[in-house]
Structure formats: C-alpha cells, structure tokens
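When a ligand or atom number is given, it counts from 1 through the structure's own listing order. Along the sequence shown, the residues carry numbers beginning at 1.
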Amino acid sequence: MKKALVLGAGGFIGSHLVRRLKREGYWVRGVDLKLPDFSPTAADTFVVGDLRIPEVCEEVITEDIAEIYQLAADMGGAGYIFTGTHDADVMHNSATINLNVASIAARKKIGMVFYSSSACMYPEHNQLDPDNPNCSEDSAYPANPDSEYGWEKLFSERLFLAFHRNHGLNVRIARFHNVFGPEGTWTGGKEKAPAATCRKVAEATNGGSIDIWGDGEQTRSFLYIDECLDGVRRLVNSNFTGPVNIGSDEMVTINQLAMMTAQIAGKKITLNHIDGPLGVRGRNSDNRLIEAKLGWRPTQPLRVGLEATYQWIAAQVERNTPSTPLALPGHNTAVPSEISSRKGSLSPTH
Ligand code: NAD
Ligand code: GDC
C-alpha cells in the first residue's frame, strides 16, 4: 500500500485530500496543530504536532513515505492576510515549516513532495484591471506580490525548486486560486469571500442587506474543493514539476458572487459596501498551461459548488444560533484509530 504524508491534514484542503487519498487506496499519516474542525479525520494515523519544530518533522517524515503533500501554512482570507497584522507570523511560521520539510524530505530521499503555493504570489501590477488580470505562470517575474503571504509563497516555491535542482528532490508545485467548499473556514476572521458571503446571506433576513468590503467590483475566480483535488492528483501523477495554476477561469465580481449566493438562498438581499481589506483589484486563473500539460480544467460552473457550500454553511449557521440547544462550535471530537501528540518548545503563534 502506497504511503502518503499530508501536512496540514487538519485544515480545509488537507482534510479533504486525506479522504481522497484513502478512497484511492493509500495509507495516510496526517499532521497538523489540530484535528479537522468539522468531521473526523480519515487518516490512518494523525500526529498533532508543530511542523516548525525540526524534531517533529524528522519524526513524521519517515523513509517509507512515498508522497508528501505539504499544505501546512499560516493562512487565511483577505481579512487575515491583507491587514498587515499577521505579516511576521505568516512569513516566519510558513517559511520555517517549508525549510524543515524541504531539507528533511531531500535527505530522506522521499519520492515526491507536492507544495501548495498561491495565486497571491503574482505581481500586483498585472492585477490592477479587474477585467483583464494576467495570472499566466510566466508573468511571475519581475516579482511584486501585494502581500507578505504572497512573498513567502514565492520564496518557498523557489526553495523547493532549489532542492529539486541541487539535491534531486522530486517536487510538484501548484498555485491554488481561491479554493472553497463545505468544511472550509466560514467564520472567525480567516474565511475567504465565498464562505463569508454564504455566512452573511444565511444570517440575513429575506429583504435584508449584507456588508461587502470595497465596491464589490473587484474580480476573482473560485475553485470547488473536489475540482482542486482532481488537479492536485493529476499533477502528482504526471512528470510535470510546475509551478502551475490550479484554479477556475470563471471570473466574477464579488457583487456577482454575493447575488448568486442570495439567489441560491432564495433571498432578496441588498449589498452594503463598506471599507475593508481588498487585495488585488482583479484575479483570474490562467489555465492554458495546465490544460496543455495535464489536460485538466474545471468541469462544473461556480454555481454548482456554491450551492453545496451554501447549504453546508447555512446548516452551520443554524447549528450555531443561540436558540438552538445544540449550539456547539464545529469542533471535531472523534479521533482516528491512532492519534498522537508531539509537543515542542515553540508556542503555536508568537
Ligand atoms: P487551512 O488554514 O485550512 O489549512 C492549513 C493548515 O495548516 C491548518 O489546519 C493549520 O492548523 C496547519 N498549520 C499551520 N501551522 C502549522 C504548524 N506550525 N504545524 C502544523 N500544522 C500547521 O488552509 P487551506 O485552505 O486548507 O490551505 C491549504 C494550503 O493551500 C495552504 O498552504 C494555503 O496557503 C494553500 N492555498 C489555499 C488556498 C485556498 O483558497 N484555500 C489558495 C491558495 C493557496
Ligand atoms: O478573502 P478573499 O476570498 O481573498 O477575498 C476576495 C475579495 O472579496 C477581496 O477583494 C475582499 O475584499 C472581498 N470581500 C468582500 N467582502 C468578506 O466579508 C468580504 N470577507 C472576505 N474574506 N472577503 C471579502 C486569497 C487569499 C487566500 C489564497 C487565495 C489565492 O485572496 O486570501 O489565502 O491564497 O487568494 O487565490 P483573495 O481572493 O483576495
């Protein structure tokens, strides 16, 4: 049985990926600071540990692992990464994890490391026009990301590529474009626009209004989680190193996203535009390279994924309203067959 190590297995994409790998017949070890928030992990074994600590990485990266999926990062939506408040933590925490993983994986001659970079590494100057953003892979340089989160992603892409060139580490690098779906963070400050919009619409009354940061004319594209995992698995099973975009090229304004969500909910909603962290003015996944190299493209429109996500978030909102007796946060209490905890000298954040 092929063994996979999923770092960040307690997070949104990581917990879905573990499930996917199990369905494909893998034995999976998951590692994260925490268990998944919303349902039990599907991992065969789950280590609660801090990947900034080299000893934890040494312990979980074992020679029998065929594939590492490196998703662990200090990240969030615009409200987390564009305020500037978390810049030092984001850069230090994520870079430390990647430095540990790259060197230990190379030394232990792990067969393949997948690294999840982000569209946030693309230069701001190519994303000023909301109707014509340029996010082709070859537009990355000269570099000019608009956030420290994006700079760290760019650094870590280069780090993994350097280990590939100098130490023969077999890497695959994807630049994810705003991935969403059920069991993603939907409240608390780290949620991204699709989840935030679903939550606000679910909380609003019919005929009410919701707040939208900025004028809502900024553009984005959003990729449903299952489509993202199809892209990841296709990249890993190919001989193509990347970096390559994994995203949707169905570009919408945030106003359109909000109105689509209201339509799904069957509510009449007006939009109240307020100040907030904005990020780039326009962004869309350029899928020409991934189509040419891997024959991959998203198969379903935004609306299909948004419907599933809205239903899930509306149920979360319902469960968490004070009048409901089962008003518990979504924290998972179930444990995998084997769970262990690795403590170290660093606190989770500093
Ligand atoms: P997430 O926040 O849900 O998952 C990241 C996980 O990493 C969290 O569970 C967190 O606890 C864990 N983590 C953070 N620091 C850690 C540490 N020191 N030790 C162990 N675990 C630690 O985010 P996600 O949406 O699942 O994203 C997964 C990856 O994909 C991240 O690297 C993210 O930057 C990248 N990405 C995501 C998106 C998106 O839209 N979701 C877009 C671009 C890139
Ligand atoms: O958070 P996000 O989805 O991140 O925001 C998209 C746009 O939606 C921003 O312009 C933001 O101002 C606007 N927006 C309006 N209202 C709200 O209530 C809201 N909440 C949020 N969150 N946004 C709102 C993301 C990063 C990810 C990741 C991806 C890669 O940037 O946050 O960490 O790396 O990019 O594509 P976004 O798309 O700017």
Protein residue, atom and distance nearest to atom 10 (O) of ligand 2, heavy-atom basis: Leu278 O, 2.6 Å

Answer yes or no for Gly150: is there a heavy-atom contact with ligand 2 below 4.0 Å? no

Nearest non-hydrogen protein atom, atom 26 (C) of ligand 2: Ile81 CD1, 3.6 Å

I'd like to check the ring pair (Phe, Tyr, Trp, His ring centres under 6.0 Å) partners of His164; sequence neighbours left out, ordered by chain and number. none

Mind checking whether Pro194 has an N or O less than 3.5 Å away from an N or O of ligand 2? no

Please identify which of these residues, Thr309, Leu229, Thr299, Asp230, meets the side chain to side chain contact (heavy atoms under 4.5 Å, CB included) condition with Tyr224. Thr309

contact_flag Tyr149 ligand 1 heavy-atom lt 4.0 Å: yes

Where is the nearest protein heavy atom to atom 34 (O) of ligand 2: which residue, which atom, and how far? Ser118 OG, 2.7 Å

Considering only the protein, which heavy-atom contact is closest to atom 18 (O) of ligand 2, and what is its distance? Lys200 NZ, 2.6 Å

Tell me the contacting part of Asn178 for ligand 2: side chain, backbone, both, or neither, using a 4.0 Å heavy-atom threshold, strictly below. both

Can you label the angle between the Tyr122 ring and the His177 ring as parallel, tilted or perpendicular, going by 30° and 60°? tilted

Within the 4.0 Å heavy-atom cut-off, what Arg283 brings close to ligand 2 is side chain

Distance-only N or O hit between ligand 2 and Gly279, under 3.5 Å: no

Check for me whether Lys153 has a heavy atom closer than 4.0 Å to any atom of ligand 2. no

Does ligand 2 have a heavy atom under 4.0 Å from the side chain of Gln218, from its backbone, from both, or from neither? side chain

Measure the distances from the heavy atoms of Pro277 to every atom of ligand 2 and state whether one is below 4.0 angstrom. yes

Tell me whether ligand 1 is touched by Ser117 - counting only heavy atoms on the residue side and a distance under 4.0 Å. yes

Given that the side chain starts at C-beta and the backbone is N, CA, C, O, which of these parts of Ala78 lies under 4.0 Å from ligand 2, counting heavy atoms, or is it both or neither? both

Scan the side chains in residues 113-120 for donor-acceptor partners under 3.5 Å anywhere in the protein, sequence neighbours excluded, and list what turns up.
residue: Ser116; atom: OG; partner: Gln70; partner atom: O; Å: 3.2
residue: Ser117; atom: OG; partner: Glu157; partner atom: OE2; Å: 2.7
residue: Ser118; atom: OG; partner: Cys120; partner atom: N; Å: 2.8

Under 4.0 Å between heavy atoms, the region of Ala193 that gets near ligand 2 turns out to be both

Would Thr185 count as a contact residue for ligand 1, given that I'm defining contact as a non-hydrogen atom of the residue lying under 4.0 Å from a ligand atom? no

Please confirm whether Cys120 approaches ligand 2 to less than 4.0 Å, judged on its heavy atoms. yes

Starting from atom 39 (O) of ligand 2, which protein heavy atom do you reach first, and at what distance in Å? Arg220 NH2, 3.0 Å

Quick one: does Phe82 get an N or O within less than 3.5 Å of an N or O on ligand 2? no

Taking N or O atoms only and a 3.5 Å limit, does Trp213 qualify as a polar contact for ligand 2? yes

Counting both backbone and side chain atoms, is some N or O of Tyr149 under 3.5 Å from an N or O of ligand 2? yes

What do you reckon, does Ser94 put a non-hydrogen atom under 4.0 Å from ligand 1? no

Contact with ligand 2 for Arg175, non-hydrogen, under 4.0 angstrom: no

From Trp151 atom CH2 to Asp87 atom CG, the distance as rounded to the nearest 0.5 Å: 13.0 Å

Give me the residue, atom name and distance of the protein heavy atom closest to atom 22 (N) of ligand 2. Glu191 O, 3.1 Å

Report yes if some N/O of Met75 lies less than 3.5 Å from some N/O of ligand 2; otherwise report no. no

Answer yes or no: does atom NZ of Lys268 have more than 12 heavy-atom neighbours from other residues, nucleotides or ligands under 6.0 Å? no

Counting non-hydrogen protein atoms only, what is the nearest one to atom 33 (O) of ligand 2? Give residue, atom name and distance. Gly76 O, 2.7 Å

In terms of ring plane angle, is the pair His167 and Phe163 parallel, tilted or perpendicular, where the classes change at 30° and 60°? tilted

heavy-atom search around atom 7 (C) of ligand 2 in the protein gives Ile254 CD1, 3.7 Å

What do you reckon, does Gly77 put a non-hydrogen atom under 4.0 Å from ligand 2? yes

Looking only at the side chains, is there a donor atom on one of Tyr80 and Glu191 sitting less than 3.5 Å from an acceptor on the other? no

